[in-house]
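A, B, ... follow the sequence lines: proteins, then strands. Residue 1 opens every chain.
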Amino acid sequence: MTSVSPDPQVPTGQGSFSSGLSVSDFAACLDMGLEPLGLVQGFCVMRSQPTMSQMSLSMGMTPYQPAPNDYVENYHCPHGIVSAEHRMWGQNYQQTWIERIWRQGFSSAYTRMLSEATTLHAHGIVGVFDNVTPLVQDGIVEFRMFGTAVRLKDHQSTSPPWSTYLAGQRLAKSFEAGFAPVSIVAAVSSVRVSASCVTQYAVEGTGSLLYGQGNDSFEIEQLVSARAAARGLVRQSVKSQLHADQLHGVELLMREHDFGHGDFEIQPVLRGNRVRRFKNFAALLAPRPTVTLS
Amino acid sequence: MSDEANELARTTEHRLEELEKGLFTSDLSVNEFLLIKEVGYHPLGFVMGSSIYHTGIQTRKWSQSQELTKLTEAMYNARELAMSRMEDEAAQLGADGVVGVRLDVNYYEWGKDAAEFIAVGTAVKAEDGVSRLNKLGKPFTSDLSGQDFWTLLQTGYMPQGLVMGTCVYHIAHRGLGQTLQTTGQNMELPNFTQALYEARELAMTRMQDEANQLGASGIVGVRLEEKTHQWGSHTIEFLSLGTAVTKTADVVSLAKPITIISLDN
Amino acid sequence: MSTETPIPDGSTLRADVRLAMASLENPSTSHTSVASVTSDLSIDEELNLHAVGWQPVELVSGVSAFSVPSGLWNWGQGEIVGAIRAHENAFSHAILQLQRDAAQAGGHGVVGVRVERAVHPTHVEVSLVGTAVRPIGASAVDSLKVFTSDLSGRDFALLDAAGWQPLGLAHGASFVYAPRRQMSTVLAQQSQNVELTNFTNAIYEARETAMERLQAIALSLAGTGIVQVQVVEGPMSFASHAIGFATWGTVVRLTREAHQRVEPQMVMSMNDRASAFEATTLG
């Protein structure tokens with residue numbers, strides 16, 4: 001990974017500050033004793049090149065052989081039909097190379113944002129906004145991140161700045177509840193579905209009579225299994241970055257690409273705020289219904 | 001009630017029987033549910049009424065502003081049918097009223113000039129066993145949310161019925177000569193103003209007539225909706241809706257509201 | 001009952017922030033939990049949960065997809081049974097998976113379930129994502145005992161305070177063919193205001209059967225009510241002569257002897273409305 005040096009124009013905390021905060025978020029920041037220093041950002045553009053293994057994945061060749069710990073499932077044709085039009089096998093497999101590129105892009109952009117904040121002598125970054133999208137096939141993807149660097153008055157720190165998607169009252173509440181922000185965390189998983197004949201016919205709605213599936217409705221196992229696996233993988237990947245901390249305010253974005261013929265690419269993105277408990281908190285009163293007059 | 005309508009009642013019966021056994025269904029949020037419990041009502045069930053109506057064709061004069069009485073009639077009758085079916089369902093449950101009523105119009109591709117009018121809401125019953133039926137002996141209806149229902153009852157008023165008035169109006173096109181004359185000028189178009197006034201007045205008056213029939217002392221939450229449906233931009237339906245109310249009790253001391261500025265985005 | 005909400009004091013908030021910063025620099029002082037927790041609840045929801053003695057455990061999900069026999073949508077009369085069965089199966093399988101996933105994480109229930117469903121001509125998909133929760137420190141239960149609910153954490157806590165408990169998600173769907181009109185009737189009705197009773201009937205039946213299925217599930221869970229019933233209806237985008245009706249909601253039951261009255265709080269928002277008046281132009 002090449003290093004891109006942060007913009008030398010970044011203000012050094014002297015004079016006026018810029019911030020991406022709304023007025024209410026700004027007020028809440030001051031209330032917490034956090035002074036906004038400036039808007040910080042990080043970018044990274046990545047390109048995913050189809051690898052050899054990807055290119056050999058056209059149907060008719062042998063199934064893909066994944067690395068030992070990767071997710072893979074094979075489905076075989078139950079019909080015993082040998083024909084160029086009839087798929088003999090189907091496969092779900094994890095596209096680790098896509099996950100790797102995505103991880104690289106995200107962490108580069110993040111590192112750059114963090115180094116901008118460091119040059120401002122910030123202690124944290126609040127209200128992070130990013131455009132976390134999964135990679136499109138053969139696509140070029142830009143990772144962008146913005147946030148507002150903040151500094152706690154009269155506080156000396158040697159550790160790198162923390163970061164959070166939260167700003168304003170929500171962040172204040174989180175502090176009060178005893179959760180310290182550690183960092184934003186995001187991960188992607190990528191599962192490719194190469195449909196078996198059964199899956200293809202179920203998704204396309206063809207051949208159910210021809211191939212003896214009758215008029216019954218049945219679960220499309222391969223697709224369901226791939227979706228469940230993709231979600232499981234992305235959760236695992238995020239949890240591996242937590243180191244016994246908690247993840248709050250999680251957002252799960254489902255992205256799917258339909259290639260036709262029952263072939264899919266499933267790429268969920270999971271992101272949230274990694275937080276650490278620093279004290280026990282007294283529970284709130286039980287909630288009451290509200291009537292808003294306006 | 002016609003034979004067809006009786007048919008409708010039969011398909012509904014089984015579902016309503018289940019509701020009578022004590023299960024309630026409701027599209028109310030938890031907040032609304034608790035507020036309705038708070039003022040001494042229990043939800044009985046999600047009730048609905050629907051009518052698919054074919055609206056006749058009426059010729060309009062290009063350059064004359066006028067009410068299209070046939071369309072007005074169709075729009076009104078169809079909604080009345082949907083509403084009364086919903087009320088019937090509620091009555092069958094032994095309800096005192098229906099809250100959170102929504103009136104919708106759906107269009108289907110297969111029905112040219114046909115539209116479905118649907119009324120849905122949650123039937124409620126007073127827990128003290130005292131009947132709250134309105135002057136006409138029917139369950140009261142209201143488009144108020146659970147929050148508004150709670151607030152209204154705090155003021156000592158009681159909803160009597162969802163009242164509506166409608167008017168479908170054709171607004172004249174302007175002649176070519178007129179258009180040319182006035183091109184480039186900023187001016188009021190008095191015939192437009194006049195037409196819009198008249199149509200809205202008609203809709204409001206009809207709504208008030210309904211409220212009078214219920215012996216209501218007022219209408220709250222009046223909304224005036226304007227829709228062109230599928231008739232082109234010069235034919236507009238003016239629909240006014242509101243909840244007719246009467247004073248039945250003294251004001252319950254209303255807690256002073258807490259003033260907040262929401263800091264969430 | 002005292003209704004005074006403690007007003008957060010700026011000075012303690014600042015002290016909290018300083019305490020938090022100090023603990024980040026000195027990891028040994030932080031109260032690390034044994035297992036990491038993921039949850040899609042907002043901080044308010046988590047605090048609400050804690051207020052009634054519950055905690056989030058893990059983000060969990062359940063998915064399913066069922067095939068619809070081909071050639072089903074285009075012709076026929078009455079209910080489209082194959083599609084209804086696919087919808088029913090997809091929904092209940094997704095719920096089962098969600099329960100299993102939650103039980104594995106040690107949850108006793110799932111709140112804030114986001115229901116996403118799609119009806120394609122060839123298959124029906126249902127996806128459920130929510131946060132597994134449990135009473136603070138409780139041990140794991142069997143997956144069949146795990147409740148599922150699309151109520152938010154706040155609503156869950158509200159219900160709990162009033163003595164109610166969610167039991168599970170109920171769902172019901174119905175798909176019907178729109179009846180055909182005879183050519184002669186179409187012509188006769190051309191210029192009239194008439195109710196199309198056979199259409200009304202068909203749609204009525206679809207709604208009623210869907211709602212009945214919803215209620216049947218609620219009864220089987222021994223519920224006494226279903227709140228926040230959601231309804232999706234209309235013609236199918238790919239087959240205009242077929243009408244779909246789907247509904248779901250959370251089944252609830254009173255767990256205490258009587259409904260606990262919770263005094264509502266009136267708040268007045270000082271935020272302005274975006275616009276009070278909007279002028280439209282005539283075409």
Side-chain angles (χ1 to χ4, degrees), chain A residues 31-34 123 152 155 157-159 162 170 172-177 180 182 202-206 208-209 215-220 223-224 227-228 231 235 238-239 242 244-252 254 272 276-280 283-294, chain C residues 5 8 10 13-14 16-21 23-25 29-44 46-48 50-52 59 61 63-70 82 85-86 89 93 97 121-123 127 129 154 157-158 161 262-269 273:
Chain A
D31 210 35
M32 285 180 271
L34 299 172
H123 295 136
L152 184 65
H155 178 78
S157 168
T158 47
S159 28
W162 44 266
R170 288 250 157 90
K173 246 190 238 174
S174 165
F175 275 119
E176 273 174 339
V182 178
V203 172
E204 283 189 328
T206 51
S208 63
L209 293 170
N215 274 321
D216 272 350
S217 161
F218 56 93
E219 188 160 38
I220 310 172
L223 190 56
V224 171
R227 285 190 178 137
R231 286 158 188 231
R235 194 168 69 189
V238 149
K239 287 187 94 164
L242 290 182
D245 286 335
Q246 299 196 20
L247 193 68
H248 273 186
V250 174
E251 205 180 351
L252 178 67
M254 288 301 295
R276 190 171 301 157
R277 177 167 284 296
F278 66 89
K279 63 157 193 171
N280 291 318
L284 286 180
L285 290 172
R288 293 158 61 184
T290 52
V291 182
T292 308
L293 308 170
S294 61
Chain C
T5 326
L13 172 62
R14 283 182 201 186
D16 281 339
V17 174
R18 284 190 187 276
L19 199 58
M21 300 287 226
S23 84
L24 284 180
E25 270 149 55
T29 63
S30 61
H31 301 50
T32 43
S33 45
V34 198
S36 54
V37 175
T38 56
S39 109
D40 65 346
L41 301 177
S42 71
I43 185 73
D44 316 76
E46 175 154 357
L47 290 175
N48 276 332
H50 273 276
V52 293
L59 184 78
S61 73
V63 281
S64 185
F66 264 77
S67 73
V68 174
S70 55
R85 201 173 301 148
N89 284 333
H93 275 231
Q97 269 209 36
T122 55
H123 58 288
S127 148
V129 179
R154 185 203 68 162
L158 256 177
V262 271
E263 195 189 336
Q265 194 161 13
M266 284 171 88
V267 295
M268 180 149 66
S269 172
R273 284 204 208 165

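The minimum heavy-atom distance linking S159(A) with E25(C) is given by the pair OG-CG, 2.9 Å. Counting all heavy atoms, side chain and backbone alike, D31(A) lies closest to R14(C) at O-NE, 3.0 Å. Here the shortest heavy-atom pairing between V63(C) and A228(A) reads CG2-N, 3.8 Å. Across S67(C) and S217(A), no two heavy atoms sit closer than the pair O-OG, 2.8 Å. Contact between R276(A) and S23(C) at its shortest, heavy atoms only, is NH1-O, 4.5 Å.
Counting only heavy atoms from C-beta outward, the side chains of T122(C) and E204(A) never approach each other to under 4.5 Å. Contact annotation: the side chain of L47(C) never approaches that of E176(A) to less than 4.5 Å [non-hydrogen atoms, C-beta and beyond]. A 4.5 Å side-chain heavy-atom check between M21(C) and W162(A) finds at least one atom pair inside the cut-off.
With sequence neighbours excluded, the residues satisfying side-chain hydrogen bond (donor to acceptor under 3.5 Å, both in side chains) with E219(A) are S64(C), H93(C).
Taken from CZ in F175(A) to CG in D16(C), the straight-line distance is 9.0 Å, to the nearest 0.5 Å.
When the candidates V224(A), L34(A), V182(A), I220(A) are compared by the number of heavy-atom contacts under 4.5 Å with chain C, I220(A) comes out ahead. In terms of heavy-atom pairs under 4.5 angstrom with chain C, the leader among E251(A), H248(A), M254(A) is H248(A).
Heavy atoms of R231(A) lying under 4.5 Å from chain C belong exclusively to its side chain. Contacts of L223(A) with chain C are made by side-chain atoms alone, with heavy-atom separations under 4.5 Å and no backbone atom involved.
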